[in-house]
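Since the structure is predicted, the reported quantities are computational estimates derived from the model, not experimental observations. Atoms considered below: every heavy atom in the structure, side chains included; atoms not considered: hydrogens, waters and symmetry mates. Just so we're on the same page: letters track the sequence lines, and every chain starts at 1.
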Amino acid sequence: MLDLKFIVQNPDAVKAGALKKHIVCDVDRILELDVERRELVGSVDAARSAAKAAGKTIAQAPPEERAALAAKQGESKAALKAMEARQKEVQEELDRLLLLVPNVPAAEVPEGGTDEENVELRKVGEPRQFDFAPRSHSELGEAHHWIDVVRGARLAGSRNYVLLGDMSLLEHAVMRFAFDSMVARGFTPLSVPTLVRSETMVGTGYFPGGEDQAYKCDERDDLCLVGTAEVPVTALYQDEILDGADLPMKFVAQSTCYRREAGTYGKDTKGLYRVHQFQKVEQVVLDVADEARSLAHHEAILGNSEAILQALELPYRVVNVCGGDLGQPQIQKFDIETWMPSRDSYGETHSASRFHDFQARRLNLRYRDAEGKVRHVHTLNNTVAASTRMLIALLENHQNSDGTVAIPEALQSYLGGRKSIGRPIE
RNA sequence: GGAGAGGUGGCAGAGUGGCCGAAUGCGCUGCCUUGCUAAGGCAGUGAGCCUUUACGGGUUCCGAGGGUUCGAAUCCCUCCCUCUCCGCCA
């Protein structure tokens, strides 16, 4: 969330930001509530101060005078209670509204309402020209008995799948390659819970608003399945004050990711593109509150993922995500879209986000700088590799005319040195 | 799941109704002293909010939320979490 002081001092910038993101929030009501809140804090504090002083007088008064003094004290207490009740109401409404105010997007974020208005920054690699009719990953998966969506659905409903044989091995190979690459770049490997408290979902900015997209345990447990390791990793130090000397912290974690995909019926129904569960390696950076350093990290984590795609010999493009396609918490986001022949287009595979202190404020995640001042950290994250979408790209881009699939050199050592998988299809 | 214990400042750990935002120790910071691979002395050392040009002042926070009381870290209720033993189990 944004700093209340910032909102009060820059209401127009906040409103303009929300407009650019096509998000509705009531900034004026917040300003109103803040005025009332301050008045109440002033009078409540003064009343409490008086009550405290009176209490001390009573303690020191001779026993025979105490009853009278205490009775008098009881009267002013009723007024204090009323003020406190109102203060609580105001604070609660304010807190609720503050959670809905979006982060202000950077000036470099393009105007636009949907992903169609994202701006392409660069293309890397050429989409392959096939001299045969290429198969979709679904066709390849079925022909080789690598992907079983029928039994996946029987086990767990639609948008579920089973990977078999070499496809399961390939999934592990990609994940491990991605993970190892990040460790080699100095990221600290982490294994984290994928079932977290709602509070953690709020802290990272997924709630309120994203409840429909998350699987939630029943009322016995206040826990949700995460849609990404970003959640537990970013929240790792929530409610703590870190030593600024320990920053930046860079983490890489693999996790299973769960997504309800509510409201996407009929969309991307074939194959592995939109599924309820997949594996993902994610990178997260925590650093001091410094714009320049945040920007540098943003470039770096984008570059880390591009290096993975280049090693996997996959064509991709980078887009600057427009305001309307930006989430509530981001300052700016770059998506990487990888070429997918069956879609005859680039499909989103990575999302590199910069948040400034938006998540850190919600998470109460702070650090002490060199001067001893306590500040909120800046957070960033990016996909390193998401299993299913990487499998789509690998199968479809590296397929041969006989239906076998070439394995990029970077992955061969993870597959026992094999250069291809699959037998020729009849 | 059963039985028990407990949640206090960076850590350890006192504190069972007013003198407690909280002893003491450790850690950390600064100054001083001695001079030899270290020790000693003194001082300081939580966060939030309101207010103030500033110095400062006020207030809240002792797991969370309610309650009793003129007054609560201390008493009562609810919840959360941790630990120990037993049971079950990957």
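- Rounded to whole Å, atom P of B/G58 lies 17 Å from atom CG of A/L80.
- As rounded to whole Å, 13 Å separates atom P of B/A47 from atom NE2 of A/H376.
- Checked against the 6.0 Å centroid criterion, the rings of A/H276 and A/Y258 do not qualify as a close aromatic pair.
- When rounded to the nearest whole Å, the span between CZ of A/R375 and P of B/G48 equals 12 Å.
- By the 30° and 60° cut-offs, the orientation of the rings of A/Y237 relative to A/F251 is tilted.
- Comparing B/U8 with B/C83, their P atoms sit 14 Å apart, to the nearest whole Å.
- With a 3.5 Å ceiling on both atom-pair distances, the Watson-Crick or G-U wobble partner of B/G1 is B/C86.
- Note on A/R368: a side-chain N or O is less than 4.0 Å away from OP1 or OP2 of B/A47.
- Within the nucleic acid shown, A/I58 comes within 4.0 Å of at least one base atom, counting heavy atoms only.
- Residues A/V196 and A/M201 form a side-chain contact, since some pair of their non-hydrogen atoms from C-beta on lies under 4.5 Å apart.
- Separating the C1' atom of B/U74 from that of B/U16 is a span of 5 Å, rounded to the nearest Å.
- Regarding A/K5, its NZ atom lies at a distance of 11 Å from the C1' atom of B/U51, rounded to whole Å.
- For the pair A/E36 CD and B/C50 P, the interatomic distance rounds to 15 Å; values are reported in whole Å.
- Between A/S305 and A/Q283, the side chains place a donor N or O and an acceptor N or O closer than 3.5 Å (distance only, hydrogens not considered).
- One P atom belongs to B/C28, the other to B/A38, and the distance between them is 13 Å to the nearest Å.
- Taking atom P in both B/U37 and B/U24, the straight-line distance is 32 Å, to the nearest Å.
- Rounded to whole Å, the separation between the P atoms of B/C11 and B/A64 comes to 15 Å.
- In this structure, B/U37 makes no Watson-Crick or G-U wobble pair, since no nucleotide meets both defining distances under 3.5 angstrom.
- Rounding to whole angstrom units, CZ of residue A/R361 and P of B/G48 are separated by 11 Å.
- A distance of 9.0 Å separates CG in A/D34 from CD in A/Q91, rounded to the nearest 0.5 Å.
- Residue A/S49 places none of its side-chain N or O atoms closer than 4.0 Å to OP1 or OP2 of B/G58.
- Here B/C55 sits opposite no nucleotide as a Watson-Crick or G-U wobble pair (both hydrogen-bonding atom distances under 3.5 Å).
- Across every strand in view, B/A23 sits unpaired, with no contact that passes the Watson-Crick or G-U test at under 3.5 angstrom.
- Straight-line distance from the CG atom of A/D239 to the C1' atom of B/C61: 13 Å, rounded to whole Å.
- When the side-chain nitrogen and oxygen atoms of A/R366 are compared with OP1 and OP2 of B/G48, one or more of them lie within a distance under 4.0 Å.
- Searching all strands for a Watson-Crick or G-U wobble partner of B/C42 with both distances below 3.5 Å returns B/G30.
- Nucleotides of RNA chain B nearest to A/K56 and A/K52 differ in position, and the one nearer the 5' end is that of A/K56.
- Only the P atoms considered, B/C55 is 36 Å distant from B/G40, to the nearest whole Å.
- Residue contacts for A/K81: at a heavy-atom cut-off of 4.0 Å it reaches the sugar-phosphate backbone alone, with no base atom in range.
- A/F278 does not carry A/R389 over the face of its six-membered ring by the limits of under 6.0 Å from the centre and within 45° of the normal.
- Base pairing analysis places B/G65 opposite B/C77; the two distances defining the Watson-Crick or G-U wobble pair are each below 3.5 Å.
- Taking the P atom of each, B/U59 and B/G1 are spaced 45 Å apart, rounded to whole Å.
- Of the listed nucleotides (B/C49, B/G18, B/U59), B/G18 has the atom at the smallest distance from the side chain of A/A59.
- Residue A/R38 has no polar side-chain atom (N or O) positioned under 4.0 Å from OP1 or OP2 of B/C49.
- Taking atom CZ of A/R37 as the reference point, atom P of B/U59 lies 18 Å away to the nearest angstrom.
- Across all strands shown, A/V374 has heavy atoms under 4.0 Å from sugar-phosphate atoms exclusively, and none from any base.
- Annotation: B/A22 and B/A73 have their C1' atoms spaced 8 Å apart (nearest Å).
- At the phosphate of B/G65, neither OP1 nor OP2 sits under 4.0 Å from any side-chain N or O atom of A/K88.
- Residues A/H137 and A/L272 are in side-chain contact: their nearest non-hydrogen atoms beyond the backbone lie under 4.5 Å apart.
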